[in-house]
There are 2 protein chains.
Amino acid sequence: MGTHYRGSRHEINVLNAYIKLMRAANSITGRLAKGLKPTSLTMTQFSILETLYHLGPMNQRTLGAKVLKSSGNITLVVDNLEKSGLVKRVRSRSDRRFITVSLTKKGKETISEIFPDYLFLIVNEMEVIDDNELKTLENLCKILGLHKRENDKLILEKSY
Amino acid sequence: MGTHYRGSRHEINVLNAYIKLMRAANSITGRLAKGLKPTSLTMTQFSILETLYHLGPMNQRTLGAKVLKSSGNITLVVDNLEKSGLVKRVRSRSDRRFITVSLTKKGKETISEIFPDYLFLIVNEMEVIDDNELKTLENLCKILGLHKRENDKLILEKSY
DNA sequence: TTTAAGCTATTCTATATTAAACTATTAGCT
DNA sequence: AGCTAATAGTTTAATATAGAATAGCTTAAA
């Protein structure tokens with residue numbers, strides 16, 4: 001099920017790891033999205049509610065950075081969440097460029113009800129590997145998630 | 001940078017690993033997509049070309065299963081690739097429900113030119129972990145990518 | 001052989017997604 | 001103060017995405 005590409009040993013190792021990483025992330029996401037379906041929330045809507053729930057109100061730019069989406073996208077998704085009455089927008093007085101997004105009462109109730117079920121699904125997905133392996137995975141993914149240049153910077157900083 | 005959720009030790013381990021896994025996959029995908037931009041191919045278009053290039057012609061259903069996309073989506077993306085002259089569709093004579101998608105000459109040239117560059121980007125992304133770690137990552141992700149039920153089945157099969 | 005069931009692909013609807021162009025606002029510099 | 005940079009958010013255009021409904025085709029059963 002790995003790559004069919006013929007290249008150097010190292011290239012093939014890289015491609016196989018890359019393919020498995022992407023496939024794991026995509027297939028888990030797909031299955032979790034199905035679990036979210038009864039709530040009629042999309043994955044991104046859920047991410048935003050969850051972020052606001054656990055980190056508190058924040059502006060759209062920060063929200064976009066947290067969930068790795070473009071600012072235009074955040075505008076749209078927050079629009080839809082606002083229409084559903086789950087979040088509200090408040091423009092900052094001190095700096096009128098900023099808009100603080102926060103959960104409404106209904107939004108809080110919704111996410112606090114859904115989150116435990118969602119967590120259960122995640123635990124269920126990850127149950128096939130043990131706690132040590134979870135930690136190994138976490139560490140490898142942490143390194144990969146940072147941009148190479150950022151990693152180089154980290155290494156540089158460490159060397160002092 | 002991990003979860004702010006307060007739960008059992010195991011739940012927190014799971015959530016942290018899950019978050020890092022998703023963030024690694026998403027941020028790598030984002031950076032690779034940027035690398036693809038000069039080609040004016042989208043990620044899914046590239047995936048489809050690459051799949052046809054390395055695995056040969058196949059019908060849309062199979063293609064969808066390979067790249068983990070819905071059949072309706074495949075129809076659209078193949079439409080766009082067809083408009084660009086990169087793939088062609090041929091309806092099967094023996095079973096007229098099937099449509100075989102294959103690369104055109106232009107499609108083959110395009111993907112064979114792009115793929116090495118893309119591979120270079122992937123190698124560059126993964127360069128921050130060594131070959132042993134790549135293998136570890138591959139194995140863990142392989143297990144996670146399968147549905148739990150499929151894993152159970154594998155374990156059952158192994159026990160014979 | 002006709003019907004039922006199942007499969008493939010398309011269409012349609014609603015939402016997501018990014019990049020780029022644009023507006024409004026603020027901060028910094030002279 | 002006034003000009004310039006930069007920043008936050010919105011809009012637009014093109015593509016992606018899932019899911020449900022639909023149409024056409026095939027196979028198996030009655």
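All heavy atoms count here, side chains included; hydrogens, waters and symmetry mates do not. Fair warning: this is a prediction, and the values are worked out from it, not measured in the lab. So that the names make sense, note that chain A is the first sequence line, chain B the second, and so on, each numbered from 1.
Listed candidates were dG9(D), dT26(D), dA9(C). Nearest to the side chain of Asp95(B) is dT26(D). Comparing dA18(D), dG9(D), dA9(C) against the side chain of Arg91(B) picks out dA9(C) as the nearest. Here the nucleotide nearest the side chain of Lys69(A), chosen from dT15(C), dG9(D), dT18(C), is dT18(C).
For Thr44(B) and dT17(D), the shortest distance from a side-chain N or O to OP1 or OP2 is below 4.0 Å. When the side-chain nitrogen and oxygen atoms of Asn80(B) are compared with OP1 and OP2 of dA16(D), one or more of them lie within a distance under 4.0 Å. At the phosphate of dT10(C), neither OP1 nor OP2 sits under 4.0 Å from any side-chain N or O atom of Arg61(B).
Under 4.0 Å is where a charged nitrogen must lie from a carboxylate oxygen, and between Glu109(A) and Lys106(A) no such pair does.
Between the side chain of Arg97(B) and the base of dT26(D) there is no donor-acceptor pair of N/O atoms closer than 3.5 Å.
At a threshold of 4.0 angstrom between heavy atoms, the contacts of Ile99(A) are confined to the sugar-phosphate backbone, with no base atom among them. At the heavy-atom level, Ser92(A) lies nowhere under 4.0 Å from the strands shown. At the heavy-atom level, Thr42(A) lies under 4.0 Å from the strands shown only through sugar-phosphate atoms. At a threshold of 4.0 angstrom between heavy atoms, the contacts of Asn73(B) include nucleobase atoms, whether or not backbone atoms are also involved.
Taking OG1 of Thr75(B) as the reference point, atom CG of Asn80(B) lies at 11.0 Å (rounded to 0.5 Å). Remark: Leu63(B) CG to Ile99(B) CD1 distance equals 12.0 Å, nearest 0.5 Å.
In terms of position along DNA chain D, the nucleotide closest to Gly72(A) lies nearer the 5' end than the nucleotide closest to the other residue of the pair Gly72(A) and Ala33(A). Where Arg96(B) and Lys37(A) each meet DNA chain D at their nearest nucleotide, the meeting point lying more 5' is that of Lys37(A).
The partner of dT11(C) is dA20(D), judged by Watson-Crick or G-U wobble contacts that both fall below 3.5 Å.
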